[in-house]
Protein chains: 2
Amino acid sequence: MLRVSKLTDYATAVMTCLASAGDGVTSAQALAERARLELPTVSKLLKQLAQAGLVASTRGINGGYRLARAPERITIADIVTAMEGPIGMTECSAHAGLCDHEPHCGVRVNWQRINQAIANALANVTLADMLHVPRQRASIPVRVAVT
Amino acid sequence: MLRVSKLTDYATAVMTCLASAGDGVTSAQALAERARLELPTVSKLLKQLAQAGLVASTRGINGGYRLARAPERITIADIVTAMEGPIGMTECSAHAGLCDHEPHCGVRVNWQRINQAIANALANVTLADMLHVPRQRASIPVRVAVT
DNA sequence: GATAAATAGTACTATTTCAGTCCTGATTTG
DNA sequence: CAAATCAGGACTGAAATAGTACTATTTATC
């Protein structure tokens with residue numbers, strides 16, 4: 001149903017917790033409790049987020065994670081990409097050359113444009129935005145133009 | 001990777017073929033050949049599209065399918081919804097009440113806003129648009145505002 | 001009215017993906 | 001050195017997906 005995976009969903013929740021936690025490091029354990037998720041699951045996705053460079057980790061006792069950048073500079077698109085790979089609605093728009101139909105597929109270029117629109121929509125919402133419950137109207141002006 | 005299913009992808013291709021076929025009915029067989037897909041697959045998705053009211057079918061010999069509305073009035077969002085159900089990036093944003101975390105989930109409202117942005121992006125591209133190879137710039141002004 | 005062509009509906013299966021868990025190793029603090 | 005914590009990989013059960021097959025129904029033509 002055109003959805004992101006649960007892991008990605010959890011990842012946004014955990015990242016939001018991290019953003020609200022401030023500057024110090026927070027352990028995976030503490031994040032799991034705050035997000036009400038299982039520790040192994042949280043560990044797994046934090047590892048992925050760390051590899052993608054969205055969070056920085058500190059090992060050892062009193063270790064934990066913190067955001068690698070300011071919440072204003074981390075977007076939903078970053079998180080989705082970290083968890084699921086490149087954003088592409090169709091196989092051929094994410095990776096060229098895999099589809100037999102490419103030579104006679106007039107639809108492909110248009111899908112790429114749609115992808116772009118969606119990627120822009122995701123890139124226009126930052127972690128900082130997620131911290132706020134939206135105001136009545138127009139608090140996050142997402143403006144996407146396919147050009 | 002945030003993608004639509006292959007069936008949905010095929011559906012857009014088949015719908016595009018139908019749009020370019022003009023007013024008469026076109027058989028599933030002919031559509032399969034033009035889209036270079038297997039007949040059973042095309043039949044299956046045409047049935048779904050018919051149930052969703054996007055195509056009209058004529059039975060019997062010389063039967064086939066035609067668009068139920070003008071291509072300008074059928075959007076990618078219509079096709080995606082017909083094939084995959086309601087557009088929702090996360091479980092909780094498509095169906096309320098299923099998620100244990102809802103009471104303490106500050107992320108949910110924001111996901112709903114993102115969904116809306118994406119739904120708008122898909123709703124702003126019509127079948128008629130898909131028929132054209134995009135011009136150099138600004139041929140499909142998709143403008144999405146989360147308000 | 002019989003026949004052929006085409007859609008309608010249902011069921012089934014193999015494959016793939018996803019979610020979740022567990023285990024072992026590496027690192028740091030005390 | 002011991003405890004706490006992250007890193008990396010492997011594994012498994014469940015679910016979704018894709019594709020196929022079969023039967024019933026409808027309609028035009030002869």
Side-chain angles (χ1 to χ4, degrees), chain A residues 1-11 13-14 18 24-33 35-66 68 80 82-85 89-91 94 98-101, chain B residues 1-11 13-14 18 24-33 35-66 68 80 83-85 88-91 94 98-101:
Chain A
M1 305 195 190
L2 183 60
R3 65 179 38 152
V4 297
S5 71
K6 279 191 188 177
L7 266 303
T8 305
D9 190 6
Y10 296 163
V14 169
L18 261 183
V25 301
T26 310
S27 71
Q29 177 74 56
L31 287 169
E33 284 167 13
R36 284 161 173 94
L37 298 169
E38 297 301 318
L39 173 59
T41 302
V42 172
S43 296
K44 183 178 183 176
L45 61 90
L46 279 169
K47 281 176 228 168
Q48 268 187 268
L49 293 169
Q51 286 182 327
L54 297 183
V55 300
S57 62
T58 309
R59 285 194 178 189
I61 195 170
N62 294 331
Y65 295 92
R66 67 179 196 287
V80 171
M83 300 302 295
E84 315 198 355
M89 300 285 286
T90 56
E91 192 67 41
L98 292 181
C99 173
D100 296 341
H101 306 124
Chain B
M1 304 196 190
L2 184 59
R3 66 179 35 154
V4 297
S5 71
K6 279 191 188 176
L7 265 305
T8 305
D9 189 6
Y10 296 163
V14 168
L18 261 184
V25 301
T26 310
S27 71
Q29 176 74 55
L31 286 170
E33 284 167 13
R36 282 157 175 97
L37 299 169
E38 297 300 320
L39 174 59
T41 303
V42 171
S43 298
K44 184 179 183 174
L45 61 89
L46 279 169
K47 279 176 232 169
Q48 267 188 267
L49 293 169
Q51 284 182 326
L54 296 182
V55 300
S57 62
T58 308
R59 284 194 175 191
I61 193 169
N62 294 331
Y65 294 90
R66 65 177 197 286
V80 171
M83 300 302 293
E84 314 198 355
M89 300 286 285
T90 57
E91 192 68 41
L98 293 181
C99 173
D100 295 340
H101 307 124

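Values below: all heavy atoms of this structure, side chains included; hydrogens, waters and symmetry mates excluded. By convention in this document, chain letters (A, B, ...) are assigned in the order of the sequence lines, proteins followed by strands, and residues within each chain are numbered from 1.
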Mind running side-chain contact (heavy atoms from CB on, under 4.5 Å) on Leu7(A) and Thr41(A) for me, showing each step along the way? CA-CA 8 Å; Leu7(A) 266 303; Thr41(A) 302; 4.2 Å; yes
Nearest-Å distance, CZ (Arg59(A)) to P (dG25(C))? 14 Å
Rounded to the Å, how far apart are Leu18(B) CG and dT7(C) P? 11 Å
Nearest-angstrom distance from the residue atom CD of Gln48(A) to C1' of dG20(C): 13 Å
Euclidean distance, atom CD1 of residue Ile61(B) to atom C1' of dA28(D) [Å, nearest integer]: 6 Å
For Leu46(A) and dC6(D), what is the distance between atoms CG and P respectively, to the nearest whole Å? 8 Å
Of the non-hydrogen atoms in Ala82(A) and Ala52(A), which two are nearest, and what is the gap between them? CB-CB, 3.5 Å
Say you draw a straight line from CG of Leu37(A) to OG of Ser43(A); how long is it, rounded to the nearest 0.5 Å? 11.0 Å
Heavy atoms under 4.0 Å, any strand shown: does Leu7(B) hit a base, just sugar-phosphate, or nothing? sugar-phosphate
So, is Thr41(A) near the phosphate of dA19(C), with a side-chain N or O under 4.0 Å from OP1 or OP2? no
Whole angstroms only, please: what is the CG-C1' distance between Asn62(B) and dT29(D)? 9 Å
Looking at dA8(C), I'd like to know if its phosphate oxygens (OP1 or OP2) sit under 4.0 Å from a side-chain N or O belonging to Ser43(B). no
Does the side chain of Ser5(A) come within less than 4.5 Å of Met83(A)'s, by heavy atoms? no
Please tell me which of Thr58(A) and Pro40(A) maps to the more 5' nucleotide of DNA chain C, matching each residue to the nucleotide holding its nearest heavy atom. Pro40(A)
Under 4.0 angstrom, heavy atoms only, what part of the nucleic acid is Gln29(A) near: base, sugar-phosphate, or nothing? nothing
Between Lys47(A) and Gly63(A), which has a closest nucleotide on DNA chain D that is more 5'? Gly63(A)
Between dA14(D) atom C1' and Lys6(A) atom NZ, what is the distance in whole Å? 11 Å
Counting just side-chain N and O atoms, does Gln51(B) come under 4.0 Å of either OP1 or OP2 of dA8(C)? no
In terms of the nearest nucleotide of DNA chain D, which residue is placed more toward the 5' end: Lys44(A) or Ala50(A)? Ala50(A)
Val55(A) and Leu46(A) have their tightest heavy-atom pair at CG2-O, 3.9 Å
Does Ser27(B) put a side-chain nitrogen or oxygen below 4.0 Å from OP1 or OP2 of dA5(C)? no
Rounded off to whole Å, could you give me the CG-to-C1' distance for the Leu45(B) and dT10(C) pair? 17 Å
Using a cut-off of less than 4.0 Å, is there contact between a side-chain N or O of Tyr10(B) and OP1 or OP2 of dA18(D)? no
